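Right, one structure below, let's go through it.
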Amino acid sequence: MGTCDKINAIIRNNLSLILTLLGVALGLGVGFAIRPAHPSESVLMWLGLPGQLYLRLLKMMIVPLVVCSVISGTSSLDPKANGKISMVSFVFIFSTNTIGAILGVLAFIAFKPGNSNQKLVAKSSLLSRSVETQDIFADLLRNLVPDNLFEASFQQTVTTYVPITTLNATSNETITSFKRSSGFNRGPNLIGLIFACTLLGIAAASLRDKGKPVIDFFESSTQILIAVLRWFLWTTPLGVLSLILVAVANIKDIGVIFGDLGMHVLAVTVALLLQQLVIMPILYLALTKRNPYKHLAAISRALLTSFAATSTAVVLPEMLHACEVKLGADRRIARFVIPFSIALSANGSAVFIACSCLFISNFTGTYPSADIIATVGVLSALAALAIPSVPSASIVTILMILTTLHIPVEPIALLLAVEFFLDRLRTASSTMGHTMGAVVTHTFCKDTLTPVGDSALDINEIELEISRDQTSNDGIITDKREENNCNGVHTCEESDKLLV
């Protein structure tokens with residue numbers, strides 16, 4: 001094979017990834033090029049419309065895919081394996097969230113962002129009351145057990161405070177108090193759907209032959225949804241270009257971003273890169289004895305897509321494909337752990353939340369004491385369990401922690417100026433955590449899985465990947481190895497060069 005043929009084969013094999021990178025580059029270039037012209041809101045709306053349509057295509061399939069993949073995954077597991085998988089994945093999720101919070105605290109201590117100009121922001125009386133720390137955990141438990149599965153597909157329970165105004169007849173003064181009440185917030189209640197679907201999957205498995213038609217239906221539905229989503233993902237380059245272009249063009253003041261906030265951005269960025277390139281790979285290597293950087297190469301497309309979309313939920317099919325096909329994780333584990341991680345894991349956001357809370361405290365003129373630093377670290381690790389996988393959700397959590405600690409919340413608006421970048425970076429970090437969690441859980445739980453019969457669908461999927469790679473090599477015969485994987489399915493496996 002000549003050099004040109006090898007280059008053509010590489011381009012064909014990685015066409016989607018190359019086009020996505022091109023979309024990122026064009027989005028940055030065009031965004032900075034048109035920013036000095038101050039495009040109107042109408043122009044930005046039309047420029048951003050392809051990106052919005054791209055996200056809507058992906059979000060449209062999230063709930064059906066989560067429901068079908070969790071039911072089909074858990075129905076293939078015995079109760080003993082279900083319990084162990086849930087425990088291992090939760091321990092990994094909480095551990096990575098805690099590591100993220102610690103890195104955020106250490107990044108603040110090292111860089112001390114917000115202290116350069118010794119600015120002071122006066123505390124002002126709030127016209128509304130933010131939720132308390134206990135409320136977010138109460139909401140987490142309420143959402144875990146939804147009272148209506150149909151409502152759980154498009155809304156989740158959230159605590160709100162309703163102002164009640166009374167008139168003091170003696171002093172003729174108006175007194176405003178707040179009453180706690182339960183309301184609803186737009187967005188799917190993923191953790192509740194996962195809990196309910198896990199129960200349905202276990203029940204279907206326990207009925208054996210009677211439950212098999214239901215299991216077959218959801219397994220077929222999962223494959224159909226993944227196929228449709230992979231069609232949608234071919235629009236990723238255009239969507240990425242549109243989303244990044246509008247985000248860059250909306251920047252109002254470059255000086256503010258690279259001045260007062262520059263040190264904060266640097267601190268968070270260094271902490272996230274340290275987490276992604278050093279801490280998580282070391283943890284992954286220690287737990288799985290696998291090369292963590294081959295893992296990063298295998299999920300590169302999911303990382304790029306999540307970077308553009310600022311949501312881990314929309315790259316669910318990419319993460320499933322990478323874990324099952326490229327990384328060899330058992331599909332039953334991957335289809336349970338990854339949706340579970342999307343609902344609870346936010347290790348990248350934990351870094352951002354911890355560092356941002358301390359930055360704002362320092363920015364208002366009060367360097368946080370040791371007890372405040374420790375409290376912020378603990379709250380960040382715990383609150384990361386309840387962050388929805390939607391853009392900028394961490395800002396709400398930061399507001400909650402600041403209010404709990406009686407720190408002025410006005411400077412939180414500064415974070416919105418750099419949100420377009422930091423949100424993307426921490427989302428990519430969380431995406432890496434989700435896929436690593438699936439492989440780690442597979443490593444610890446594969447021995448507890450019961451072998452399943454040959455699945456023609458799985459074999460066809462793997463043969464399709466192999467035949468595509470063979471075609472791209474212009475008929476060159478490649479080495480193949482046949483073996484029984486941990487599912488008991490007879491599969492063919494290519495060399496690492498083709499899989500990664």
Side-chain angles (χ1 to χ4, degrees), residues 9-21 24 69 89 92 96 226 229-230 233-234 236 273 275-309 312 314-335 337-339 341-342 345 347-348 427-443 446 458 461-470 472-473 478-481 483 485-487 491-500:
I10 292 173
I11 292 175
R12 284 196 297 268
N13 289 339
N14 300 279
L15 181 60
S16 178
L17 179 61
I18 293 171
L19 291 176
T20 302
L21 288 172
V24 172
S69 63
S89 58
F92 182 83
T96 53
I226 290 176
L229 277 165
R230 293 191 67 80
L233 289 173
W234 278 104
T236 296
L273 291 178
Q275 180 188 50
Q276 294 182 48
L277 301 179
V278 180
I279 304 299
M280 292 292 289
I282 290 175
L283 182 63
Y284 181 81
L285 176 63
L287 295 176
T288 66
K289 303 299 187 292
R290 295 189 181 191
N291 188 332
Y293 300 105
K294 284 188 176 181
H295 181 102
L296 290 177
I299 64 169
S300 56
R301 181 169 170 175
L303 289 174
L304 285 172
T305 306
S306 64
F307 181 85
T312 56
V314 300
V315 293
L316 175 59
E318 280 296 335
M319 289 190 285
L320 289 174
H321 175 77
C323 288
E324 296 174 19
V325 177
K326 297 183 178 181
L327 298 171
D330 188 285
R331 66 181 180 85
R332 296 170 291 179
I333 293 178
R335 294 178 188 184
V337 173
I338 291 182
S341 298
I342 289 174
S345 176
N347 52 292
T427 301
S429 181
S430 295
T431 299
M432 185 182 72
H434 298 344
T435 54
M436 284 187 170
V439 177
V440 168
T441 305
H442 166 81
T443 301
K446 60 184 178 182
D458 290 343
E461 285 179 349
I462 297 173
E463 288 179 347
L464 177 62
E465 291 293 324
I466 295 175
S467 64
R468 185 173 61 189
D469 288 337
Q470 289 176 331
S472 66
N473 285 332
T478 55
D479 292 333
K480 289 191 279 188
R481 181 180 65 215
E483 62 182 9
N485 64 11
C486 59
N487 294 336
T491 62
C492 298
E493 184 177 350
E494 287 283 333
S495 62
D496 289 340
K497 181 179 69 174
L498 294 179
L499 288 176
V500 178

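Excluded from the calculations below are hydrogen atoms, water molecules and symmetry mates; all remaining heavy atoms, backbone and side chain alike, are included. All values derive from a computational prediction rather than experimental measurement.
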* Asked: Does R301 come within less than 4.0 Å of E318, counting only side-chain N to carboxylate O?
  -> yes
* To do: Have a look at M319 and tell me which of V337, I299, I342 forms a side-chain contact (heavy atoms from CB on, under 4.5 Å) with it.
  => I342
* To do: Mind checking the CD1-OG1 spacing from I333 to T443? Nearest 0.5 Å is all I need.
  => 8.5 Å
* Closest approach of A297 and S300, non-hydrogen atoms and distance? -> O-OG, 3.0 Å
Enumerate, atom names and distances included, each donor-acceptor pair closer than 3.5 Å involving a side-chain atom of residues 281-288, sequence neighbours excluded.
from, atom 1, to, atom 2, distance (Å)
Y284, OH, H295, ND1, 3.1
T288, OG1, Y284, O, 2.6
T288, OG1, R290, N, 3.3

* So, for C323 and I338, which heavy atoms are closest and what is the spacing to 0.1 Å? -> SG-CD1, 3.7 Å
* To do: May I have the step-by-step check of side-chain contact (heavy atoms from CB on, under 4.5 Å) for Q275 and M432, ending in yes or no?
  => CA-CA 10 Å; Q275 180 188 50; M432 185 182 72; 5.6 Å; no
* To do: Determine the minimum heavy-atom distance between N347 and G433, stating which atoms define it.
  => OD1-CA, 4.1 Å
* Give, for atom CG of L296 and atom CE of M280, the distance between the pair rounded to the nearest 0.5 Å. => 9.5 Å
* Asked: How far apart are the closest heavy atoms of S306 and L303, and which atoms are they?
  -> OG-O, 2.9 Å
* Is T305 reaching over with its side chain to a backbone N or O of A302, donor-acceptor style, under 3.5 angstrom? -> no
* Rounded distance [0.5 Å steps], CZ in R332 versus NE2 in H442 -> 10.0 Å
